[in-house]
Amino acid sequence: MPIKVYNSLTRKKEEFVPVKEGSVTMYVCGPTVYSLSHIGHARSAVSFDVIYRYLKYRGYKVKYARNYTDVDDKIIKRANEEGADPKELAERYIKEFDDDMEALGIEVPTYRPKATETIKEIIEVTKKLVDNGSAYAVDGDVYYSVRKKKDYGKLSGKNIDDLESGARVEVDERKEDPLDFALWKTSKPGEPFWESPWGPGRPGWHIECSAMCMRWLGETVDIHGGGKDLIFPHHENEIAQSESATGKTPYVKYWLHNGFVNIEKEKMSKSLGNILNIRDVVKDHTSEAVRLFLLSSHYRSPIDYSEDSLREAEAAMERFYKTLQRINAEWPETSGVDVCVQCNEGRFTEILQAMDDDFNTAEVIGNIFKEVGKANRLMDEAKASGKHEGLIEFSYILSMFHEASEFLGIFGRTPEEYFNEKNSRAVLPAGEIERLIIERNDARKNKDFKRADEIRNGLLEKGIVLEDGAKGTTWSVKG
RNA sequence: GGCGGCGUACCCAAGUGGUAAGGGAGCAGUCUGCAAAACUGCCAUUCAGCGGUUCGAAUCCGCUCGCCGCCUCCA
């Protein structure tokens with residue numbers, strides 16, 4: 001069964017056939033590290049994390065590179081404002097980004113190149129472009145000449161003349177064409193620089209990705225990803241310079257782009273002041289709830305972030321782990337029993353088909369929750385009939401969860417792990433809560449329900465929910 | 001102006017030719033001291049609107065309305 005992916009280049013879903021059978025090369029544009037990463041970065045990271053995991057799950061040997069842009073105008077500007085060294089500032093935010101990625105349960109890519117560690121290759125590619133006439137040097141700057149590439153604009157569906165009539169392009173007298181873009185920039189005094197054939201300077205934005213891609217993955221890669229906004233000009237320019245440098249077409253076989261995250265129906269932007277950092281989201285919600293929220297829509301669709309939608313995701317996550325907890329308690333013999341869910345055509349096949357269809361995680365999640373309902377129903381039936389039967393079915397369901405967690409990166413923990421993370425947000429110390437539970441249960445024994453309810457309501461006001469189960473009272477943090 | 005996308009219940013969201021997944025909210029019931037959780041039942045004769053193709057359309061085509069993104073640094 002082939003995997004199908006939507007290719008931005010052809011604007012169609014295509015059968016995924018990597019250049020080299022059995023292995024996949026994948027490059028995703030990472031962050032420019034000058035501030036904390038926001039929920040939009042999280043979406044891109046989670047989307048491609050799932051794609052990476054799924055390709056591996058399907059048996060491909062995947063080389064995955066995600067870069068850090070650690071030299072750039074914004075970094076230099078921010079460093080100047082803070083009176084910091086640009087290099088030190090970039091390193092600091094790389095660390096912050098890595099922490100956010102870890103908090104979101106994102107697997108570490110095979111390679112995490114930095115622009116500043118790829119200068120040699122950047123200069124080589126630039127030199128090649130100058131030598132073959134695709135680029136020209138002026139006063140220590142090097143520009144790529146868009147007119148030299150006949151198919152410039154093929155990814156974004158634009159043509160050069162339309163773009164120029166748009167007149168939003170800044171005119172630089174030294175450029176042969178307003179759309180020409182910098183491969184190499186002369187450094188101003190005090191800015192970081194590297195020696196080059198054109199004098200001291202630093203790389204332009206687009207060239208670094210081409211250089212890193214070629215350095216780590218080769219001249220043609222299978223998948224190149226990033227946010228939709230990168231299609232133009234960034235990825236368009238990457239194609240132009242890479243194909244001009246290597247003479248090989250295509251530079252990228254499948255272009256994948258994730259949709260945006262809006263905040264309460266508005267675009268996230270600095271002017272609106274509604275930038276939502278990953279850090280702040282993960283502080284208030286479990287990481288799996290955040291991932292569930294992001295994966296509940298297709299990766300190409302826009303999604304709208306709101307506190308309500310995160311709460312819903314958290315409620316759903318809780319439903320999942322409560323069910324798991326119940327299976328563990330009522331069917332302990334299922335633990336460790338592994339059923340091969342892929343061995344026969346079955347319900348798991350539907351999940352794989354959904355993933356094969358352009359990574360439709362939303363449908364997969366729907367299927368998972370169908371199984372959650374089914375498991376609860378079976379347990380209720382067993383309880384009602386007094387027959388402890390159907391062990392295989394529970395093992396099958398648990399195995400499906402486990403299997404899906406490998407590529408979704410959710411549904412894979414133990415209930416204890418999940419609730420520990422969640423309950424670590426409690427505003428009261430656990431000991432204090434336990435003490436109140438004991439006090440309340442004494443009251444209940446003495447039929448002093450007024451006092452019992454007082455305690456329960458008091459805790460609820462602090463965000464602690466009590467549940468009286470067959471095995472005693474448990475508490476959790478309100479979602 | 002150019003290019004692209006979207007419109008499915010109260011909210012979120014799959015489904016892209018065979019008769020509407022899933023989550024959340026709500027209502028009723030079982031359970032409970034009462035709750036909570038879980039389960040059961042109810043909750044879109046209908047997929048923005050209007051035409052067309054078809055035995056059959058939310059799915060394909062045309063038009064209309066509404067919303068959004070990119071074209072400038074941006075995930």
Side-chain angles (χ1 to χ4, degrees), chain A residues 8 11 13 28-32 37-48 72-74 77 153 156-159 161-163 165-170 205 225-234 236 257-262 265-270 275 292-293 296-298 300-304 306 308-309 311-320 322-323 325-326 350 354 357 360-373 375-381 383-384 443-445 447-450 452-453 456-457 460 465-470 473-476 478-479:
Chain A
S8 305
R11 295 178 189 78
K13 257 188 218 172
V28 173
C29 289
T32 299
S37 297
H38 55 66
I39 188 77
H41 294 109
R43 184 176 198 195
S44 179
V46 169
S47 299
F48 290 104
D72 144 285
D73 292 346
K74 293 190 290 292
K77 182 165 175 274
S156 53
K158 299 180 187 311
N159 74 64
D161 299 317
D162 283 349
L163 284 167
S165 61
R168 288 174 80 176
V169 183
E170 256 180 69
W205 175 34
K228 265 194 164 72
D229 54 326
L230 294 179
I231 292 173
F232 188 87
H234 185 54
E236 194 68 74
H257 292 100
N258 65 274
F260 268 42
V261 180
N262 296 321
K265 312 262 190 239
E266 282 186 309
K267 186 181 169 176
M268 199 165 32
S269 76
K270 271 166 213 140
I275 305 277
L292 180 72
F293 162 69
S296 291
S297 313
H298 188 92
R300 280 188 284 114
S301 311
I303 48 174
D304 191 53
S306 67
D308 275 351
S309 53
R311 258 195 296 274
E312 284 174 16
E314 195 141 348
M317 238 24 264
E318 185 143 346
R319 176 169 146 81
F320 176 83
K322 279 259 170 69
T323 302
Q325 206 166 38
R326 190 178 165 199
E350 288 173 32
D357 184 11
N360 192 339
T361 52
E363 194 179 335
V364 172
I365 288 164
N367 281 308
I368 293 291
F369 278 99
K370 254 190 249 178
E371 298 301 330
V372 169
N376 278 121
R377 216 169 304 132
L378 286 172
M379 285 188 281
D380 276 11
E381 281 166 17
K383 206 182 247 173
R444 289 172 71 208
K445 250 176 245 153
K447 307 272 185 214
D448 182 1
F449 297 121
K450 187 165 166 288
D453 290 351
R456 186 170 63 195
N457 291 333
L460 188 60
V465 184
L466 297 190
E467 287 178 25
D468 301 322
T473 302
T474 57
W475 66 272
S476 62
K478 198 175 153 194

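Note on naming: letters A, B, ... go to the chains in the order of the sequence lines (proteins, then strands), and numbering restarts at 1 for each one.
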Problem set entry | B:G33 pyrimidine/purine six-ring stacking with A:F449, under 5.5 Å and 30° |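 Base of B:G33: stacked against A:F449.
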Any [X] side-chain N or O less than 4.0 Å from OP1/OP2 of [N]:
X: A:N258; N: B:A75; value: no
X: A:R319; N: B:G23; value: yes
X: A:S301; N: B:A14; value: yes
X: A:R377; N: B:U40; value: yes

Across the strands shown, which category fits [X] at heavy-atom distances under 4.0 angstrom: base, sugar-phosphate, nothing?
X: A:A362; result: base
X: A:N376; result: sugar-phosphate
X: A:I231; result: nothing
X: A:M268; result: base
X: A:G469; result: nothing
X: A:R326; result: sugar-phosphate
X: A:G227; result: sugar-phosphate
X: A:T474; result: nothing
X: A:S297; result: sugar-phosphate
X: A:L466; result: base

For this session: Tell me which of A:F232 and A:S44 sits closer to the 5' end of RNA chain B, going by the nucleotide each one is nearest to.
Result: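 Here A:F232 is the residue nearer the 5' end.
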For this session: Using the closest heavy atom to pick a nucleotide of RNA chain B for each, name whichever of A:I39 or A:K13 lands nearer the 5' end.
Result: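 Result of the comparison: A:K13.
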Tell me if the side-chain of [X] makes a donor-acceptor pair with the base of [N], cut-off 3.5 Å, by modelled atom types.
X: A:N360; N: B:G15; value: no
X: A:R43; N: B:A75; value: no
X: A:D468; N: B:C34; value: yes
X: A:E363; N: B:G15; value: no

Exercise. So, are A:D380 and A:R377 salt-bridged, with charged N and O less than 4.0 Å apart?
Worked result: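 Result for this pair is no, no salt bridge flagged.
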Separation of [N] [atom2] from [X] [atom1] (nearest whole Å):
X: A:D304; N: B:C11; atom1: CG; atom2: C1'; result: 11 Å
X: A:N159; N: B:G1; atom1: CG; atom2: P; result: 17 Å
X: A:R456; N: B:A35; atom1: CZ; atom2: P; result: 9 Å

Polar-atom pairs under 3.5 Å, protein N or O versus N or O of nucleotides 65-69 of chain B: list them with distances, or write none.
none

Seminar exercise, completed: Picking from B:G23, B:A75, B:A14, the nucleotide nearest the side-chain atoms of A:H38 would be B:A75
Exercise. Which heavy atom of A:F260 sits nearest a heavy atom of A:K267, and at what distance?
Worked result: CE2-CE, 3.8 Å
Let's test this: given Watson-Crick or G-U wobble pairing with both distances under 3.5 Å, identify the partner of [N].
N: B:A28; answer: B:U40
N: B:U53; answer: none
N: B:A14; answer: none

Is the shortest heavy-atom distance from the side chain of [X] to the side chain of [Y] under 4.5 Å?
X: A:E236; Y: A:K158; value: no
X: A:H257; Y: A:D229; value: no
X: A:K228; Y: A:S8; value: no

Problem set entry | Under the side-chain contact (heavy atoms from CB on, under 4.5 Å) test, residues paired with A:L460 that sit two or more places apart | A:V465, A:K478
Exercise. Quick one: does A:D448's side chain have a donor or acceptor within less than 3.5 Å of a partner on A:R444's backbone?
Worked result: no
Exercise. Is there a donor-acceptor contact under 3.5 Å from the side chain of A:R43 to the main chain of A:G259?
Worked result: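 Flag set: sc A:R43 to bb A:G259 pair under 3.5 Å.
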Problem set entry | OG1-NZ distance between A:T474 and A:K322, expressed to the nearest 0.5 angstrom |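 If I round to the nearest 0.5 Å, the distance is 7.0 Å.
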